[in-house]
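Shown next, in C-alpha cells, is the structure this report addresses.
Everything quoted here is computed from the prediction, not taken from an experiment. Atoms within each ligand, like the ligands themselves, are counted from 1 in listed order.
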Amino acid sequence: MTHPKSALAEKPSETKPQAIIDLRSDTVTKPTPEMRRAMAEAEVGDDVYGEDPTINKLEQRAAEIFAREAAIFVPTGTMGNQIAIRIHTQPGQEIICEERAHIFNWEMASLASFSGCMVRPVRSGNGTGVITWDEIKKAIAPKIYYAAQTGLIVLENSHNMAGGAVTPLETTQEICANAKAAGLPVHLDGARVFNAAVALGKSVAEITAPLDSVMFCLSKGLGAPVGSLLVGSKKFIERARVYRKALGGGMRQAGILAAAGLIALEKMPSRLHEDHANAKFLADGVAQLPGIKLDASRVQTNIVIFEVTKPGVAAPDVTRKLAEKNVLASAIGPSHVRFVTHMDVDRAACARALDAMRAIFAN
Ligand code: TLP
C-alpha cells in the first residue's frame, strides 16, 4: 500500500487552498476536543502493576460490551492479534485465514517470527472475502504426524482488503461450531468489528459470541488516537498479559490513552452509519466512471476498493493525481485504490473527492 505523501509537497492547481481530504485510512482521525480534555484529566497509575484506574475501567467496559470475562488494552491491533496467535498456537503449526487477511499481509510476518507459524491462506470462492466452513475445511491439515498441523483459524470482520466486507453471523456460527468440533480455536481480527455490527444491525457481543478471542481497535473508525483491546476468557487474558509484556507493550501511566479510548468505545459506535453512508455515496459515484471496475452494491461499511482498468493508468498514478487535488487515497498494489471514510470526512468532503475522481477519469 503506498501513500502519496510526496505529491503533497506539490502545489495544488486551485488558486484558493483547500483542506486536505484524507481518505487513506480511518487510522488518520484526530482525537476530538472531548477526548483531549479527558486525556488531560485522566486518573493514572502504573498499569504494569495493574494500578491505572482508567485502563482498568476501559478493560472492564470492553469485557462488558463484548460479554466476556476479561479484556486487555494493547497499543496496537497488530500486537493484539499477535498475542492471540501466540496463545492459541504452537511453533510449527499452520494458521488458516483468508488470503487478503491483515495478519498475513500487513503484520510483518510476526506470526512466523513470534509464534513460529505459517499461513495456509484460503481464497473466498465468490471473491467477496468472506470465507465459509466448506472452504476452510479443505485447508485443514490431515491428522498425520508428517504434515504440519492446523493450529488456528483467524477471521477478519469487517475484512479490510476485501473492501470492508462483512461476515454474516450465520457464517461465523457455522465456522466456529465446526472448528470447535475439530478442536480448533477461532480468533477474530475485529479491527473494525463495530462497523460490521452496524452493518449487520446487531451488537458486537452477538456477532462475536461464537469466537474464542476477539481483537478490536479503538484507533480506527472509533476515532481514538491510540489503542486496541483483546477480549476473551479470564485465563486467556492472564496469558495475554505475559505476552504483552514480552513484546514491550507493558505501558505505565497509559490511562491518558484509555481516557480517549473510553469515549471512543462508548460514544463513537453510534455514528459509524454516517461513514457507511458516505462510503456508499463515494462508491456509487466512482462506479459510474469509465476506466474503473467497482461493484458498489458490495460496499457495506466504510471501505471502498476499486480497480483501475483504464489502459496505461496504474493505481499510484491515480493517488498521485488525487493528491494534487488535495484528496489522499491509498494505492493497494498496481491496480487497486482504497478510500476509507471516517469521522473527519463529511459528505461535502466526499463530494469533493468524487469531483476530483471525475476530473481525473473524464480525460
Ligand atoms: N490496518 C491499516 C493498515 O495496516 C493496512 C489500515 O490502514 O487499514 N487488523 C486490521 C483488519 C487492520 O486493518 C489493521 C490496520 C490492523 C489489524 C492493525 O492495527 P494497528 O495499525 O493498530 O496495528
Any heavy-atom pair between the side chains of [Y] and [X] that's under 4.5 Å?
X	Y	answer
D344	K30	yes
L322	L328	no
L23	L282	yes

Any nitrogen or oxygen of [X], side chain or backbone, less than 3.5 Å from one on ligand 1?
X	answer
M161	no
S228	no
T27	no
N160	yes
W106	no
E156	no
D26	no

So if I count the atoms of ligand 1 from 1 in the order they appear, which ones are less than 4.0 Å from some heavy atom of [X]?
X	answer
K220	1 (N), 14 (C), 15 (C), 19 (O), 20 (P), 21 (O), 22 (O)
R338	6 (C), 7 (O), 8 (O)
T76	22 (O), 23 (O)
S25	6 (C), 7 (O), 8 (O)
E107	17 (C)
T78	18 (C), 19 (O), 20 (P), 23 (O)

| task | Please state whether R24 comes within less than 4.0 angstrom of ligand 1, counting heavy atoms only. | result |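 No, R24 has no heavy atom closer than 4.0 Å to ligand 1.
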
| field | Within-shell test, R192 vs ligand 1, heavy atom, strictly < 4.0 Å | value |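 Checking ligand 1 against R192, which is what was asked, there is a heavy-atom contact under 4.0 Å.
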
| task | State, to 0.1 Å, how close L169 and I207 come at their nearest heavy-atom pair, and which atoms those are. | result |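 So the minimum-distance heavy-atom pair works out to CD1-CA, 3.8 Å.
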
| request: Looking only at non-hydrogen atoms, find the nearest pair between A196 and N157 and report the distance. | output: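 Smallest heavy-atom distance, with atoms named: CB-OD1, 3.5 Å.
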
| said: Quick check: F194 with F66 (ring centres under 6.0 Å apart)? | reply: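 They qualify: ring centres under 6.0 Å apart.
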
| query | So how far is it from I292 CD1 to F306 CZ, rounded to the nearest 0.5 Å? | reply |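 If I round to the nearest 0.5 Å, the distance is 4.5 Å.
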
| message | For the residue pair D346 / N278, report whether a side-chain donor-acceptor contact shorter than 3.5 Å exists. | response |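 Short answer, no.
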
Acceptor/donor pairs from residues 38-46 side chains to any protein atom, 3.5 angstrom cut, sequence neighbours excluded:
unit_1 : atom_1 : unit_2 : atom_2 : d
D46    : OD1    : V48    : N      : 2.9
D46    : OD1    : R252   : NH1    : 3.3
D46    : OD2    : R252   : NH1    : 3.2

| field | With sequence neighbours excluded, residues passing ring-ring contact (aromatic ring centres under 6.0 Å, His included) with H88 | value |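 Residues passing ring-ring contact (aromatic ring centres under 6.0 Å, His included) with H88: F236.
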
